[in-house]
Amino acid sequence: MARILITSALPYINGIKHLGNLVGSMLPADVYARFQRQRGNDVLYICATDEHGTPAELAARDARQTVQQYCAEQYEIQAGAGEAFGLSFDHFGRSSNPPNHRLTQHFAAVLEDRGLIEERVDKQIYSIDDQRFLPDRYVEGICPHCEYEKARGDQCDNCGRLIDPIELKEPYSKISGSRNVEVRETRHLYLLQAQMQDRIARWVESKTEWPQLTKSIAKKWLKEGLRDRSITRDLVWGIPVAKDGAKRPGFENKVFYVWFDAPIEYIGATEEWALANNENWERWWRTDKGAADVKYVQVMGKDNVAFHTVSFPATILGSEEPWKTVDALKSLNWLTWYGGKFSTSENRGIFMDQALEILPPDYWRWHLMANAPESDDASFTLEHFASVVNKDLADVLGNFVNRITRFCNARFGDAVPEAGDYGEAEQNLITELDKRMADYAGYLEEMEFRKAFAELRAIWVAGNEYLQIAAPWTSIKTDEARAAASVRCALNLIVLFAALSRPVIPFTADKMFAIFGLDPVEASRWPTRAASALSRFKGGEAFTLPKVLFAKIEDEQVDEWRKRFGAE
RNA sequence: GGCGGGGUAGCUCAGUUGGUGAGAGCGCAGGAUUCAUAACCCUGAGGUCGGCGGUUCAAAUCCGCCCCCCGCUACCA
């Protein structure tokens, strides 16, 4: 039994996530976690909200709440949406919780002991009216190079050149619009990443199983040379900067930078899980305390790759402590909304709560995973969504379950028929299924989701092909035993399909088990041999005629949703 | 600007250690069937593999140049 630690990139706290965020990290991680659990592996799937930083403070202010209230509320919303989508976190924590505070202080202290942290003084734009230092992208002004009037503090959208915000002419706050700003000096802690260049490069080289996208991003950063990074900010909401158990002199009004503490929350959330479940978190994270045999899998959008392959490892490796580091790293591209960006402010796209107002989670889970943005950005359209749902779920899978249970009910009654033996048709089916099941499991193991679910769909299709060949509605006229065996085989297929489908459509899988009154946990143990799966029911097992599993999406619904969600 | 990813049938995408007549799903057309959510099953039509040039007996695949889309570029996270 393998031990597998899975983390998905932490969703930021400022509002409920859209379908692109969902498919970019949490959903693929969930599918993988479910698959590994069904195989009998010891899985720990950890996620949390990422709560610190300027956007959280500003969002709280816009909501007229304290940032604590705001985050507490948003945490509940995100946790609820995740649960409603069937995201099977073993723990969904908060980066603002005590374990992360403790661990972040620990890493900062250890890194300082190792000589990897030093204080430096920066010049930054301070907004007097906003009473805060402005992060680069919250300052706008006239570009010093091309005179463009709305250049951002980090980069000019007109000439594309990188800018230091203190160079901007006539700078103003993007938060309030105020021009009452000035350059002030501010002291920060710097993580001396440049010193760790070789160590991280060697570590990246050792990661032979990373996919190409992941490795090329890491190498690109290394090639340019790691730069020292400031890891503190002038904010009130965050983890205070301590020294020897008290506030660090000169840092009384500062906190750690969100990108420093957020990845540490992977560990912090595991500690939260351990505290809540009387478990031991170190056996998942400390190679000296039992984590040496853990396989650690991270899932994230491509924007996060650099932070997970370089920045966070700098923290971990720099400590020189025996922390578990990532083994497999799955990165996904973006899901776009009709080719453009999902946008909260412009009401474009579908967010997790809205999605579930329209349709149950499995509809979304299937479409998102079967069309996951793996090789490139992928476009979400309602038309494509409706087509995929109707064809794959309603016609191929749902109709299979419906046609055979109804036929059995009409001709043999409410129990699996017992007569007859399997013959050539069943043997051919078993041969095909064995091949496809092995391929399917292989793709899931590699986290090649599009290929995996194309294979799963082909498995469902094989069920329909089998029925077409066996044609019990014909054979029953001349050979009732033959028809009975065919129906028994097809009913067994329902259970096999449910087990194989459960990682991606768990709610439907459990409905399929419920047809036969099966316990989902027992029945979903990962099937590896079609022959044994198809001999589960010998005959006589009672079943309940199910309702239709998937309703088709009508054109009128698509039209309505297009208007509601701003499709172009 | 730099770096990375992508441009293959109407649509969404597989396919690169160069070579068996270029694939899948959807959509479309025809057929078969009637157990089923007008579903399922079978067959078929559809592509100068972004453009130009080169290497080679042979290129979607290798090299060069060009065009287009997307992302990242370290203080949004």
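In the text below, chain A, chain B and the rest are named by the order of the sequence lines, each starting its count at 1.
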Open item on the list: Could you check whether A:E426 pairs with A:R482 (Lys NZ or Arg NE/NH1/NH2 to Asp/Glu carboxylate O, under 4.0 Å)?
Closed with: yes
- [ ] Using Watson-Crick or G-U wobble geometry with both distances below 3.5 Å, tell me the partner of B:A29, or none.
- [x] B:U43
Distance-only, no hydrogens or angles: does the [X] side chain make a donor-acceptor pair with backbone N or O of [Y] under 3.5 Å?
{"X": "A:Y466", "Y": "A:N428", "value": "no"}
{"X": "A:K17", "Y": "A:Y12", "value": "yes"}
{"X": "A:T49", "Y": "A:Y75", "value": "no"}
{"X": "A:S178", "Y": "A:S173", "value": "no"}

Distance check, [atom1] atoms only: [N] and [M], in whole angstrom units.
{"N": "B:C26", "M": "B:A22", "atom1": "P", "result": "23 Å"}
{"N": "B:A60", "M": "B:U8", "atom1": "C1'", "result": "7 Å"}
{"N": "B:G53", "M": "B:C70", "atom1": "C1'", "result": "27 Å"}
{"N": "B:A24", "M": "B:G47", "atom1": "C1'", "result": "14 Å"}
{"N": "B:G23", "M": "B:A36", "atom1": "P", "result": "37 Å"}
{"N": "B:C35", "M": "B:C40", "atom1": "C1'", "result": "10 Å"}
{"N": "B:G7", "M": "B:C63", "atom1": "P", "result": "15 Å"}
{"N": "B:G15", "M": "B:U20", "atom1": "C1'", "result": "15 Å"}

Between N or O atoms, less than 3.5 Å apart, protein on one side and nucleotides 10-12 of chain B on the other: list the pairs.
unit_1 : atom_1 : unit_2 : atom_2 : d
B:U12  : O2'    : A:R450 : NH2    : 3.4

Less than 4.0 angstrom between a side-chain N/O of [X] and OP1 or OP2 of [N], yes or no?
{"X": "A:Y257", "N": "B:A77", "value": "yes"}
{"X": "A:K451", "N": "B:G15", "value": "yes"}
{"X": "A:R406", "N": "B:U37", "value": "yes"}
{"X": "A:K391", "N": "B:C40", "value": "yes"}

Atom-to-atom span, [atom1] of [X] to [atom2] of [N] - whole angstrom:
{"X": "A:D395", "N": "B:G25", "atom1": "CG", "atom2": "C1'", "answer": "13 Å"}
{"X": "A:R187", "N": "B:C75", "atom1": "CZ", "atom2": "P", "answer": "20 Å"}
{"X": "A:L467", "N": "B:A36", "atom1": "CG", "atom2": "C1'", "answer": "10 Å"}
{"X": "A:D303", "N": "B:U73", "atom1": "CG", "atom2": "P", "answer": "8 Å"}
{"X": "A:R457", "N": "B:C13", "atom1": "CZ", "atom2": "P", "answer": "16 Å"}
{"X": "A:L545", "N": "B:A36", "atom1": "CG", "atom2": "C1'", "answer": "11 Å"}
{"X": "A:F453", "N": "B:C26", "atom1": "CZ", "atom2": "P", "answer": "18 Å"}

Task: Polar pair under 3.5 Å, donor/acceptor by atom type, side chain A:N399, base B:A36 - done: yes
Open item on the list: Once hydrogens and angles are ignored, does a donor-acceptor distance under 3.5 Å link the base of B:A74 to the side chain of A:R227?
Closed with: yes
Among [options], which nucleotide has an atom closest to any side-chain atom of [X]?
{"X": "A:D136", "options": "B:U33, B:C41, B:C76", "answer": "B:C76"}
{"X": "A:Q468", "options": "B:C76, B:C26, B:C40", "answer": "B:C40"}
{"X": "A:F307", "options": "B:A77, B:C41, B:C75", "answer": "B:A77"}
{"X": "A:R233", "options": "B:C40, B:U33, B:C75", "answer": "B:C75"}
{"X": "A:E465", "options": "B:A77, B:C41, B:A74", "answer": "B:C41"}

TODO: Check the chi torsion on B:G46 and let me know: syn if it falls within 90° of 0, anti if not.
DONE: syn
- [ ] State the CD1-CZ distance between A:I125 and A:R184, to the nearest 0.5 angstrom.
- [x] 11.5 Å
Show me the protein contacts with nucleotides 68-70 of chain B, counting only N or O atoms at under 3.5 Å.
unit_1 : atom_1 : unit_2 : atom_2 : d
B:C70  : O2'    : A:D377 : OD2    : 2.2

TODO: Answer whether the closest heavy-atom distance between the side chains of A:R61 and A:I175 falls below 4.5 Å.
DONE: yes
- [ ] Heavy atoms only: give me the nearest A:G318-A:M196 pair and the separation to one decimal.
- [x] CA-SD, 3.6 Å
- [ ] Measure up the A:F385 and A:F380 rings against each other and bin them: parallel (under 30°), tilted (30 to 60°), perpendicular (over 60°).
- [x] tilted
Open item on the list: Check for me: is A:F407 stacked on B:C35 by the 5.5 Å centroid and 30° plane-angle rule?
Closed with: no
- [ ] Run the ring-centre check on A:F400 versus A:F497 and record whether the distance is less than 6.0 Å.
- [x] yes
TODO: For this output row, return yes or no: ring centroids of A:F342 and A:W334 closer than 6.0 angstrom.
DONE: no
